[in-house]
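Take a look at the structure below.
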Amino acid sequence: MYFIGIDISKFKHDCAIIDELCDTVMPSWSFSNDREGFSHFKALLDSLEGEKKIGLESTGHYGQNLKLFLESNGFTFMEFNPLLVSRFVRSKSLRNTKTDSIDALSIAQYVMTVEYKPYPSSFYHLDKLKSLTRFRNSLVRQRSRQLVELTNVLDKLFPEFKTFFKDKFSVTALYILAHYQTPERIANMNARSYEALRKLSRGRFTLSNFTQLKALAKNTVGTQSDYLLDQMNILLELYSQLDSKVDELDAQIKECVRGIDPPCLSIPGVGELSAAVILSEFGDFSKFQTPSKMLAFAGLEPGYFQSGQSEYTGHMVKHGSSRLRYALMNCCLPLISSEPVFAAYYTKKRSEGKPHRVALTHVAKKLLRVIYTLQTKNIRYDPTMIH
């Protein structure tokens, strides 16, 4: 049996091979991140007679092509959290020496110490979801940044505007900025303008609101400058483009999730976008032996400290995926609104003196345990199964 550790980097990968006696079969060597390098690596693997267990760290997109290459050629592999490998290395030596070749050997040694659970052969579909959801998150952040910049411009041009809309850029507020732009034009809006705004807001933008906004625009202390208007128009255009692309990604993600049709999607309150993040960030659910390991992966597990007579739990570790925690927490509000079992659990935690946010965290943990059961047993949600 051979244990193969691969240290992933952008332009090359380092490989080390040891046997079941922890003897070095081949010293660490590098192969390039291209077809020629992959071919040399495959030839090496083919020359080894016996079972091969391959391990590599999770390094984002840098290892994507290598993983696809291994899968297409019939090799299995296991991926590790870099934090776990780092702790394993520190436990073996006090020396602070780090090189790619040492890392490759350490990964090979780490493979020996854990139960070998190869990545699922269908990982490509989950990786597609991960790429789409993370790219969407990036665009959403960029879109939010445009609104921050727009706020800065409005502070000079029309400082009363955003305060009037309670510090939010609603669809109505963005429409007014895009179509009327200057305080002077906003102050001169007529009855036809009001009717358009009323329809757009579905009646929430009242005649009283319309009159107040016009009065604010007429008496604004803002500075009327062409360069500020140019900046505002550019920011509104960028926001509109990003918003459109986010909608396109949403459609792709939802289509992909519907194609997979995961059991967790049957839970009330878990939408397609949230399910996409949960599926892609966790990956293969079978690699988690218990729900508590999933809690740790998501960073929802509290810290535990014990020394002598002292013993207590601390705050959430938060070593896991922040996207995963956000998706789980984002499901909680609709969940406690539409599912009596979770609503009762939330109420119970509140009655115990837990603040709202802490109670929601407990709901997220319960939700994660339910998701684990559904995904690992491939069953649909049934509220009677929860206790």
Side-chain angles (χ1 to χ4, degrees), residues 1-10 12-33 37-38 40-124 126-127 130 281-290 292-294 296-297 319-321:
M1 183 180 294
Y2 299 97
F3 301 91
I4 303 160
I6 305 174
D7 183 66
I8 303 292
S9 57
K10 185 173 183 178
K12 69 174 179 67
H13 308 308
D14 287 85
C15 170
I17 305 174
I18 58 177
D19 60 20
E20 63 268 22
L21 299 176
C22 207
D23 293 331
T24 301
V25 175
M26 177 172 289
S28 180
W29 64 285
S30 300
F31 61 96
S32 53
N33 189 21
F38 286 7
H40 288 319
F41 181 54
K42 180 179 182 299
L44 172 63
L45 294 178
D46 289 338
S47 68
L48 300 174
E49 296 183 0
E51 185 179 353
K52 294 174 277 286
K53 295 185 176 181
I54 303 173
L56 47 89
E57 288 183 330
S58 177
T59 53
H61 65 279
Y62 290 130
Q64 172 68 12
N65 293 329
L66 178 61
K67 289 188 289 186
L68 288 173
F69 177 80
L70 290 171
E71 182 190 47
S72 63
N73 285 278
F75 297 106
T76 63
F77 61 90
M78 188 173 180
E79 202 170 26
F80 304 108
N81 187 323
L83 180 62
L84 298 178
V85 178
S86 176
R87 287 177 174 174
F88 172 76
V89 173
R90 288 200 302 268
S91 70
K92 294 178 65 66
S93 175
L94 295 176
R95 300 179 65 185
N96 189 21
T97 304
K98 185 185 186 304
T99 66
D100 291 341
S101 60
I102 292 177
D103 288 346
L105 181 59
S106 299
I107 294 172
Q109 293 170 343
Y110 184 67
V111 177
M112 293 185 66
T113 67
V114 299
E115 181 183 356
Y116 189 65
K117 293 184 176 180
Y119 231 56
S121 59
S122 59
F123 87 94
Y124 172 77
L126 295 180
D127 198 77
K130 179 181 287 188
E281 292 296 327
F282 276 124
D284 180 19
F285 282 77
S286 64
K287 68 184 179 183
F288 300 97
Q289 296 177 341
T290 63
S292 62
K293 292 186 181 296
M294 293 185 69
F297 185 85
H319 277 161
S321 168

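Numbers here are sequence positions counted from 1.
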Separation between CG of N73 and CG of L68, rounded to the nearest 0.5 Å: 11.0 Å
Should the pair F41 and W29 be assigned to parallel (<30°), tilted (30 to 60°) or perpendicular (>60°) ring geometry? tilted
Can you see which heavy atom on E79 is nearest to which on S58, and at what distance? OE2-CA, 3.4 Å
Provide the full list of salt bridge (charged side-chain N to carboxylate O under 4.0 Å, His left out) pairs with a residue in residues 17-30, sequence neighbours left out, each pair given once. none
Does some side-chain heavy atom of K67 sit less than 4.5 Å from a side-chain heavy atom of L70? no
Measuring from atom CD1 of I107 to atom OH of Y110, what distance do you get when rounded to the nearest 0.5 angstrom? 11.0 Å
Just how far is it from atom CD of E49 to atom CG of D46, taken to the nearest 0.5 Å? 11.0 Å
Taking side chain as C-beta onward, heavy atoms only, is V111 less than 4.5 Å from F77? no
Kindly compute the distance separating CD1 (I54) from CD1 (I17), expressed to the nearest 0.5 Å. 9.0 Å
Tightest non-hydrogen contact, residues P82 and E57, listed as CA-OE2, 3.8 Å
For T76, all residues meeting side-chain hydrogen bond (donor to acceptor under 3.5 Å, both in side chains), sequence neighbours excluded: Y116
Where do C15 and F31 come nearest, in terms of heavy atoms and distance? CB-CE2, 4.1 Å
Smallest heavy-atom separation, M78 atom then E115 atom, equals CE-O, 3.3 Å
H13 and F38 aromatic ring geometry - parallel, tilted or perpendicular at 30°/60° bounds: parallel
Tabulate below the donor-acceptor pairs under 3.5 Å that side-chain atoms of residues 1-10 make, not counting sequence neighbours, or state none.
unit_1: S9; atom_1: OG; unit_2: K12; atom_2: O; d: 2.2

Once you round to the nearest 0.5 Å, how far does CD of Q64 lie from CG of L66? 10.0 Å
